[in-house]
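Notes for the one structure printed next.
Per chain, numbering begins at 1; letters A, B, ... match sequence-line order.
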2 protein chains.
Amino acid sequence: MADVAREAHVSGQTVSRVSNGRDNVDAETRERVLAAMHKLGYRPNSAARALRTGRFHSIGVIMFTLSSFGNMRTLDAIAIAAADAGYSITLIPVPHPTLGEVSVAFDRLSEEAVDGVIIIVEAHLLDESDVVLPAGLPVVVVDSTAADRYPMVDTDQAHGARLATEHLLSLGHRTVWHVAGPERSYSATHRREAWESTLRAHGADVPPVLVGDWSSESGHEVGLELARNPDVTAIFTANDQMALGVLRALHEAGRAVPGEVSVVGFDDMEESRSFWPPLTTVRQFFGEVGRLSVEELLQEVESGERGGSTLVATELIVRESTARPPA
Amino acid sequence: MADVAREAHVSGQTVSRVSNGRDNVDAETRERVLAAMHKLGYRPNSAARALRTGRFHSIGVIMFTLSSFGNMRTLDAIAIAAADAGYSITLIPVPHPTLGEVSVAFDRLSEEAVDGVIIIVEAHLLDESDVVLPAGLPVVVVDSTAADRYPMVDTDQAHGARLATEHLLSLGHRTVWHVAGPERSYSATHRREAWESTLRAHGADVPPVLVGDWSSESGHEVGLELARNPDVTAIFTANDQMALGVLRALHEAGRAVPGEVSVVGFDDMEESRSFWPPLTTVRQFFGEVGRLSVEELLQEVESGERGGSTLVATELIVRESTARPPA
DNA sequence: CCGTAGCATGTTTACGTGAACATGCGCCAG
DNA sequence: CTGGCGCATGTTCACGTAAACATGCTACGG
């Protein structure tokens with residue numbers, strides 16, 4: 001900066017003013033400074049700036065392995081929304097979802113140069129974790145239920161599960177079987193509860209729940225079981241990947257989809273429309289979730305006002321994996 | 001820090017030494033300082049530290065939309081490898097893969113607090129872009145070919161494509177059709193070239209190339225065309241998602257897989273084993289690519305030594321979508 | 001018994017920036 | 001004509017840290 005000041009025959013303070021786009025600089029002086037900055041290849045030092053202002057213009061994101069489709073889409077939206085607001089994203093990975101790892105991530109967090117944090121971690125770990133997040137650091141929780149402690153943004157899981165279940169019932173199925181996600185997942189629990197309450201509200205029987213781990217492979221395993229049961233005519237799986245496994249199991253068992261069995265997924269991943277048959281599913285608006293969580297966080301960072309919880313609605317996408325039950 | 005020093009009756013410098021784990025501090029003093037740090041909830045200020053040391057302990061990652069399966073896996077591995085080395089990841093998203101956006105990202109980069117950058121962007125954009133990366137900033141390029149300007153780490157695309165093509169030929173297919181990725185993609189080009197040269201090496205005809213855009217939907221479109229052609233008995237698609245679309249098209253056309261037509265993909269995404277039928281494909285080791293790119297980058301950051309290019313081998317995963325051609 | 005080496009610790013300083021305050025000049029109202 | 005006001009610009013200083021150098025004490029060999 002000093003070099004630029006010398007080159008442009010001004011003081012460092014004036015360079016700073018130009019660099020920050022203040023308007024109380026004479027047009028001619030500004031030009032001279034800009035020319036000098038360009039000539040010398042000047043780049044503001046973000047560390048010094050952060051030290052002086054106390055703002056890092058960066059948002060931390062704590063998340064487990066990115067390999068979950070939904071997390072990735074959410075992260076993508078967060079990154080874009082943050083960039084639009086002039087913030088960058090600092091990833092704080094948690095390689096294994098154990099309590100210890102989460103604690104380590106939180107600890108590391110306190111030394112990270114971030115103005116706020118978005119946490120995309122199963123809530124039960126948050127609850128069990130006695131590690132305290134650095135005080136005064138704004139936090140937004142996604143896909144979880146720590147709403148009592150922090151603002152939360154999430155897909156309206158219950159709404160989606162109800163849409164899926166009611167769609168199948170309205171086609172004439174007597175009841176709907178459910179392939180749930182892992183017990184410890186809050187979103188899996190929400191979907192399962194909404195499925196169950198929807199069945200009860202319509203006076204349908206509630207069949208036993210089959211539990212997977214979100215993977216297509218686990219969907220295949222429980223799908224083999226469902227395929228053997230001739231009573232099963234409608235299946236709601238808690239995500240699209242498990243639906244893929246269920247479809248494969250049904251094909252292997254020679255049960256026609258949707259002729260004999262209808263299947264509905266959850267997520268609407270890009271590939272779902274190319275499943276065989278194309279999958280009827282509940283679309284989640286991950287982009288919206290990411291956008292809103294950044295909005296919420298930045299509001300707290302910049303104005304100190306803390307918002308409440310926000311749920312993002314879902315949409316049922318009807319494709320070709322659902323039909324009326326066999327006569 | 002001053003508060004901690006006062007609390008522990010030592011100088012700030014001693015606090016700094018404890019904070020950095022230097023060993024030239026008396027055990028008793030260290031205990032006293034640690035106690036004071038804990039009591040006061042002291043957290044080192046990373047901005048000041050970065051200002052003083054010139055190191056940010058952060059790696060920038062420039063990438064397009066995360067929604068590509070492979071990029072995500074790579075990013076995940078980068079994040080974990082970086083965390084292991086004590087670095088965090090700063091994401092610099094490029095919402096749209098246009099020249100302008102890339103320039104903006106590079107510009108933004110120069111103000112980011114990073115010690116080095118990993119670029120996961122189609123190389124043709126790098127080549128066309130006249131934006132100069134900040135001089136002196138270590139760069140590693142992934143999934144691209146700017147090897148002449150920067151070290152590169154990538155999957156051995158040609159090796160994988162050869163494995164896939166030879167697998168089909170060795171099953172007895174007269175030739176292999178290819179569904180390529182977009183023309184401007186270097187990895188798509190490499191796979192296509194290797195497929196073609198493998199066919200030639202084996203004296204097989206080279207059928208016309210069909211081009212998709214990596215999406216399962218585009219795979220479905222070109223798949224419909226292939227399904228109509230009775231000469232087609234073996235298809236190598238440039239990624240698994242397009243293979244999914246091709247499978248769907250073949251099902252719709254009533255052509256048995258692998259009875260009439262064999263299909264091989266590329267990537268080995270988690271879902272591929274649950275396709276119908278489970279997909280024979282070329283596995284990419286994204287984790288290895290990510291790990292190596294961090295290793296290469298940090299070597300340059302910390303020792304100034306710049307390495308060369310590294311290719312990561314692939315592995316053919318034979319499942320149930322390939323068989324001998326019909327008699 | 002003294003000189004010195006080695007070690008724990010303290011003091012000073014600079015990293016690059018922007019806020020706060022200071023300066024100097026031109027212009028306008030009284 | 002003069003006092004004061006507004007505006008562009010300059011000067012000073014502190015943000016929190018760690019490197020470089022300084023200090024003072026202990027221990028050990030000649």
Rounded distance (Å) that lies between atom P of C:dA8 and atom CZ of B:Arg32: 14 Å
From CZ of A:Arg30 over to P of D:dC7, roughly how many Å is that when rounded to an integer? 15 Å
Winner on side-chain proximity to B:Arg52, out of C:dG18, C:dA14, C:dG10, is C:dA14
Whole-Å distance separating the CD atom of B:Glu31 from the P atom of C:dA8: 15 Å
Atom pair distance, as rounded to whole Å: CE in A:Met1 and P in D:dG10: 12 Å
C:dC15, OP1 or OP2 - any side-chain N/O from A:Asn45 closer than 4.0 Å? no
Please walk me through it: do B:Asn20 and B:Arg49 pass side chain to side chain donor-acceptor pair (under 3.5 Å)? CA-CA 11 Å; B:Asn20 286 345; B:Arg49 184 171 281 182; 3.3 Å; yes
Kindly assign one of parallel, tilted or perpendicular to the pair B:Tyr87 and B:His57, based on the angle between their ring planes and the thresholds 30° and 60°. tilted
In whole angstrom, give the distance that lies between atom CG of B:Asp26 and atom C1' of D:dC25. 13 Å
Residue pair A:Arg49/B:Val10 against DNA chain C: nearer the 5' end by closest nucleotide is B:Val10
Quick one: label B:Thr14 by what it contacts on the DNA or RNA (base, sugar-phosphate, nothing), any heavy atom closer than 4.0 Å. sugar-phosphate
B:Thr90 side chain to B:Glu112 side chain, donor-acceptor N/O pair below 3.5 angstrom: no
B:Val153: which of B:Ile118, B:Val141, B:Val289 passes side chain to side chain contact (heavy atoms under 4.5 Å, CB included): B:Val289
Within this structure, what is the CG-to-P distance between A:Asn24 and C:dG18, rounded to whole angstrom? 13 Å
Across the strands shown, which category fits B:Thr53 at heavy-atom distances under 4.0 angstrom: base, sugar-phosphate, nothing? sugar-phosphate
Touch check for A:Arg22, heavy atoms < 4.0 angstrom, all strands: base, sugar-phosphate only, or nothing? sugar-phosphate
Check if the side chain of B:Arg17 and the base of C:dG10 share a donor-acceptor pair of N or O atoms closer than 3.5 Å. yes
Could you walk me through whether B:Arg6 and B:Leu40 pass the side chain to side chain contact (heavy atoms under 4.5 Å, CB included) test, one step at a time? CA-CA 11 Å; B:Arg6 206 172 308 119; B:Leu40 298 176; over 6 Å; no
Tell me the interatomic distance from A:Arg43, atom CZ, to C:dT17, atom C1', rounded to whole angstroms. 17 Å
Send over the distance from A:Leu51 CG to C:dA19 C1', rounded to a whole Å. 13 Å
Toward the 5' end of DNA chain C, by each residue's nearest nucleotide, B:Thr29 or A:Ala48: B:Thr29
Tell me which nucleotide among D:dG10, D:dG16, C:dG10 gets nearest to the side chain of B:Gln13. C:dG10
